[in-house]
2 protein chains.
Amino acid sequence: MNYQAPLKDMQFLLKDVFAAEAEWQRMPAMEETLDLDTANAILEEGARITAELIAPLNRPGDEQGVRHIEDQVLAPDGYQQAYATFAESGWVGLGGDPEYGGMGMPKMLGVLFDEMCYSASNAFTLYASLTAGAALCISSHGDEAQKALYLPKLYSGEWAGAMDMTEPQAGSDLRNVRTKAEPMDDGSYRITGTKIFITGGDHDLADNIVHLVLARLPDAPAGSRGLSLFIVPKYQVTEQGQLGESNGVVCGSVEHKMGIKGSATCVMHFEQAQGYLLGKKNRGLIAMFTMMNYERLSIGIQGLGCAEASYQMATRYAKERQQGQGGSASLGGESDPILVHADVRRMLMTNAALTEAGRALAVMTGLQLDKVKYGAAVDPEADMLVGLLVPLCKAFFTDTGLESTVHSQQVFGGHGYIRETGVEQWVRDVRIAQIYEGTNGIQALDLLGRKVMPKQGAALKLLMQMLDDTLSVLPANYAGYGDKVAQAFDQLLDGAMALKARDGQADVVNAAAVDYLHALGYATYGLMWLKILVALPQADEELAARKRHLAQFYFERLFPRFNAYLTAALVDASVTQEMPAALF
Amino acid sequence: MNYQAPLKDMQFLLKDVFAAEAEWQRMPAMEETLDLDTANAILEEGARITAELIAPLNRPGDEQGVRHIEDQVLAPDGYQQAYATFAESGWVGLGGDPEYGGMGMPKMLGVLFDEMCYSASNAFTLYASLTAGAALCISSHGDEAQKALYLPKLYSGEWAGAMDMTEPQAGSDLRNVRTKAEPMDDGSYRITGTKIFITGGDHDLADNIVHLVLARLPDAPAGSRGLSLFIVPKYQVTEQGQLGESNGVVCGSVEHKMGIKGSATCVMHFEQAQGYLLGKKNRGLIAMFTMMNYERLSIGIQGLGCAEASYQMATRYAKERQQGQGGSASLGGESDPILVHADVRRMLMTNAALTEAGRALAVMTGLQLDKVKYGAAVDPEADMLVGLLVPLCKAFFTDTGLESTVHSQQVFGGHGYIRETGVEQWVRDVRIAQIYEGTNGIQALDLLGRKVMPKQGAALKLLMQMLDDTLSVLPANYAGYGDKVAQAFDQLLDGAMALKARDGQADVVNAAAVDYLHALGYATYGLMWLKILVALPQADEELAARKRHLAQFYFERLFPRFNAYLTAALVDASVTQEMPAALF
């Protein structure tokens with residue numbers, strides 16, 4: 001049986017935990033067009049298309065991989081037709097600008113569809129995700145002509161998108177970008193340089209590929225403030241949107257990777273390619289950053305999607321596979337399904353308790369993005385929360401995603417190591433999500449140094465305000481869990497301020513960041529479980545019973561990790577910094 | 001540059017931490033033949049052969065994999081010649097019985113060579129490891145004729161070995177083994193059945209493959225006490241050791257796996273194959289178990305080997321790759337090698353602090369095995385320590401091995417996800433070591449239920465006695481670390497006794513086991529770091545400085561995990577057991 005989207009859980013989050021309809025009523029762009037019934041219908045159709053159209057391509061695509069034959073980059077068999085159907089149904093443009101053919105749906109809904117897509121197939125979904133990302137960037141920074149020319153084609157899937165940032169010498173450190181942009185008399189630019197690790201850099205799913213390329217103008221200042229962003233299509237495009245000649249955009253090679261083998265990761269050469277400035281000169285990184293919050297959240301959700309898909313495989317197996325005799329859960333026969341064993345349950349419940357809290361946090365973060373983008377008024381608090389939550393989601397969803405997929409694989413015993421079983425693919429695929437779109441280490445630096453520490457922890461205090469609101473309506477029988485979370489946030493705030501007061505900030509932040517992020521992750525998942533517990537009276541009994549068990553498991557067995565991470569984060573940076581390089 | 005064995009560290013452990021020479025002097029089989037100079041010469045030659053002969057085969061073998069062509073199973077190119085050289089040099093028989101051509105070296109030394117081999121190539125090493133394992137089993141349980149017939153050929157590498165236990169319906173639960181053994185008039189047996197996941201079940205590295213097959217006699221009692229062990233060669237063998245006809249041992253298929261792709265994992269069909277009883281009737285499992293402690297320790301060491309090899313790759317990269325500017329460790333240029341960044345150091349030091357403690361524990365466990373096997377008198381304490389430490393080593397080395405290889409991969413950023421870089425292979429390869437030779441969950445059940453809980457924690461108290469001995473000579477400036485470890489062991493003992501006192505032992509042990517094993521792992525690694533600190537005055541300054549930094553890192557940043565694991569282990573089993581199966 002293929003993946004089936006956890007629709008009931010998703011609908012519970014929208015309706016009961018986050019009161020989506022009331023939120024949408026407060027957004028002028030949504031109040032007329034979106035209600036819960038519509039949202040549910042979209043999710044149901046999303047569940048159908050991901051189960052029926054995409055999931056069946058996942059394993060074969062992993063086996064076949066991307067082929068690079070005589071200058072052509074070919075996605076795995078079946079991708080082309082499925083992508084056409086997917087895009088024609090409007091899914092690439094789900095969050096796109098309605099003025100140019102997008103569906104204008106909020107991110108709060110989009111995160112749930114993102115998760116379904118990643119659960120069905122990481123590799124397939126990346127083609128759509130990069131295209132939606134490029135469209136969002138053009139939508140935010142393009143002029144009218146650029147929007148009219150590119151957006152409808154991207155939303156419809158006729159053209160695809162790619163983001164070209166990394167270069168061999170410029171990975172985490174984009175100051176070193178060397179790709180050049182020379183101005184031409186007609187107002188366009190000639191782009192020359194080499195980019196690496198370009199997801200969807202070339203493929204056969206669309207007629208054209210619209211590259212957004214980070215490059216340097218001749219008179220640009222050195223460093224990251226001298227980078228500009230350019231639209232560089234694979235084939236030249238007339239003002240009417242007709243395709244012209246090749247544009248000097250050449251795929252040099254396709255990488256062989258640990259996973260996401262159906263996704264084309266390309267080395268791209270730009271050879272005097274014609275490009276068009278997107279946004280302002282020398283402000284390319286800032287333009288990238290506005291969309292980066294959406295992309296980073298999506299990549300975080302890749303972690304949730306892998307965890308959920310692997311959970312479904314592992315629970316099915318645990319209910320069928322008979323080995324050993326259980327204790328209290330034994331069915332009394334010669335052998336029991338392995339689900340009776342507490343250790344198997346531990347692995348599955350760890351996955352579920354992490355993934356379901358993560359899904360709630362994804363919806364909440366989507367809501368903050370929507371408040372910023374669609375709110376009736378400027379919302380600085382939502383903006384601050386987006387800044388805090390996005391790097392947390394990106395890194396924590398994917399780090400816990402690795403743990404969860406490993407647990408799922410472990411449930412299968414030896415069978416989990418065999419490719420045909422399918423579960424090992426999730427372990428290989430999820431690893432890239434911890435690395436790309438800014439490594440999780442980079443996310444942690446951003447989180448602690450730029451989001452938590454400034455303004456006396458103002459962003460963290462917003463989360464703590466949410467916690468107070470939740471505690472005020474928390475049923476008394478969960479007060480013990482509430483106390484744990486409240487105490488954790490107090491320690492996080494004190495800890496961040498203590499770190500900030502130390503000398504040598506670069507070292508201090510760098511040494512503490514990843515452990516601090518994990519500590520904040522466990523505290524925030526605690527908050528999510530409290531919010532879920534508060535909403536349980538509205539849920540049906542089956543869903544409520546499952547959530548109560550998972551919440552208990554979370555607080556009793558996983559939450560103790562919080563202290564280990566926070567304690568490690570607060571250790572003096574000298575412990576890492578004083579070991580001489582020669583001793584490594 | 002290829003892998004280079006950490007010789008200095010290995011020699012420090014033998015000489016200074018565990019006083020190997022004095023131990024060998026107390027073993028009649030060793031006192032004349034083995035001193036430190038000989039051991040060092042063996043390690044140096046081992047370092048040379050692993051770096052020059054084996055390591056270069058690792059990446060190509062992963063790409064090419066095992067081929068199954070027209071009933072022939074072919075190991076990757078280059079394996080055949082390398083295996084011949086390896087075996088002819090005596091390495092397969094390193095720990096083998098000298099009476100039959102083995103070198104008779106102790107396991108205390110063997111574990112270090114094992115680690116080198118796994119660091120060079122998991123897949124290659126498995127062929128030798130299974131052969132040595134089969135030889136050990138024949139050496140322990142075979143009669144004179146069997147030993148004379150098989151051991152010289154196995155040690156010399158002319159023949160290879162394989163262990164055939166698992167069947168489709170009998171994985172962790174060997175009670176369900178169905179393979180049949182019918183007695184024949186000549187005293188031999190006809191073996192019929194199918195075995196799966198047989199490492200080295202068929203290949204072209206040796207002229208014959210000696211299968212040790214777990215099967216059931218017609219009159220055998222049901223369950224695991226009705227299993228007997230049989231020698232079943234691929235080709236029939238005359239009493240003079242000449243090869244005869246095929247023996248009904250057929251490789252049905254070769255598995256496609258996540259990793260160890262150069263190792264042939266086979267489905268084996270036994271079709272009325274002629275077999276010979278090894279050891280006593282219906283005592284097959286017990287015969288297997290005597291060698292299992294060696295095999296399990298070796299597979300644990302696979303985890304250390306992967307961690308070390310990936311550490312070497314990652315540190316080299318971190319010293320070369322320039323991105324960003326560092327804090328206190330900055331070299332002052334435009335960009336620094338990424339080793340200046342505290343988070344990169346955190347990842348590398350986590351790997352090193354875990355791996356070096358693991359290496360010490362492997363040597364200590366090897367010593368206990370040697371005391372049991374070679375000691376002048378029966379040594380029940382060593383025997384009890386073996387029972388306790390082997391499942392701990394197997395599971396904890398491989399679980400921390402996964403964490404360590406993931407850190408190493410993460411240091412490479414995007415490059416770490418590319419197959420050509422080589423580091424991702426360690427992540428894929430190490431995963432099997434958490435699964436096979438008894439999953440780590442099974443190891444944990446054995447550890448907690450059968451080794452820690454019985455006799456009021458007598459085995460744990462032996463470790464605590466070692467700790468007391470170490471504390472009595474620990475320099476005063478490390479007393480804080482000593483206190484942490486002592487407190488941890490007290491909590492472990494109290495915790496185990498509290499668990500034992502609860503009702504419903506099957507559930508209690510199953511729910512607690514893995515977290516308990518991890519808690520014991522962190523405490524025991526703490527003990528290892530104390531033992532290393534005690535020995536530092538004998539080390540050269542460079543080695544001592546590195547160890548001091550790593551010990552500090554271990555106690556400050558990693559040891560806090562102990563509490564998280566022990567707390568989780570002591571949670572009531574109802575938290576996992578009360579969730580109804582239908583809600584999973």
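Lettering of chains follows the sequences in order, A, B, ..., and the numbering in each one begins at 1.
You'll find the side chain of B:Asn563 stays beyond 4.5 Å of the side chain of A:Asn563, heavy atoms only. Taking 4.5 Å as the limit, every side-chain heavy atom of B:Glu578 sits out of range of all side-chain heavy atoms of A:Gln552. Side-chain contact between A:Tyr417 and B:Thr265 is absent, with no heavy atoms from C-beta onward closer than 4.5 Å. By the 4.5 Å heavy-atom criterion applied to side chains, A:Arg557 and B:Asp515 are counted as neighbours.
A donor-acceptor contact shorter than 3.5 Å links the side chain of A:Gln577 to the backbone of B:Val340. Looking at A:Arg345, its side chain does come within 3.5 Å of a backbone N or O of B:Met579 through a donor-acceptor pair. Judged purely by atom type and a 3.5 angstrom limit, B:Asp173 has no side-chain atom pairing as donor or acceptor with the backbone of A:Gln323. B:Arg175 contributes a side-chain N or O that, together with a main-chain N or O of A:Glu334, makes up a donor-acceptor pair within less than 3.5 Å. Formation of a donor-acceptor pair under 3.5 Å by the A:Asp343 side chain with backbone atoms of B:Gly441 is not found in this model.
Note on A:Ala222, A:Ala170, A:Ala582, A:Gly259: by heavy-atom pairs under 4.5 Å with chain B, the leading option is A:Gly259. Annotation: maximal heavy-atom pairing with chain B below 4.5 Å, among A:His341, A:Glu255, A:Met349, A:Gln410, occurs at A:Gln410. Annotation: maximal heavy-atom pairing with chain B below 4.5 Å, among A:Ala329, A:Ser335, A:Gly416, occurs at A:Ser335. Heavy-atom pairs under 4.5 Å with chain B peak, among A:Gln322, A:Gln505, A:His415, at A:His415.
Interface remark: A:Ala444 contributes no atoms to any contact with chain B (heavy atom separation under 4.5 Å). Proximity to chain B (any heavy atom under 4.5 Å) is shown, for A:Asp507, by both the backbone and the side chain. Contacts between A:Ala318 and chain B at a heavy-atom distance below 4.5 Å are absent for every atom of the residue. Both the backbone and the side chain of A:Ala511 come within less than 4.5 Å of a heavy atom in chain B. Proximity to chain B is absent for every atom of A:Thr166, based on heavy atoms less than 4.5 angstrom apart. When heavy atoms are compared at a cutoff of 4.5 Å, A:Leu570 does not approach chain B at all. In this structure, no portion of B:Ala352 lies under 4.5 Å from any heavy atom of chain A.
The line from OG1 of A:Thr576 to CE of B:Met347 is 11.5 Å long, rounded to the nearest 0.5 Å. Interatomic distance, CD1 of A:Ile418 versus CZ of B:Phe197, reported as 4.5 Å (0.5 Å rounding).
Of the residues A:Met258, A:Glu424, A:Arg431, the one that meets the side chain to side chain contact (heavy atoms under 4.5 Å, CB included) test with B:Arg428 is A:Met258.
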Margin query: B:Lys261 vs A:Arg419, test: side-chain contact (heavy atoms from CB on, under 4.5 Å). Steps then yes/no.
Written below: CA-CA 11 Å; B:Lys261 290 175 191 253; A:Arg419 289 175 61 97; 3.7 Å; yes

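Within a 6.0 Å radius of CD in A:Gln169, other residues, nucleotides and ligands contribute more than 12 heavy atoms.
A donor and an acceptor atom, one from each side chain of A:Glu420 and B:His256, are located under 3.5 Å apart.
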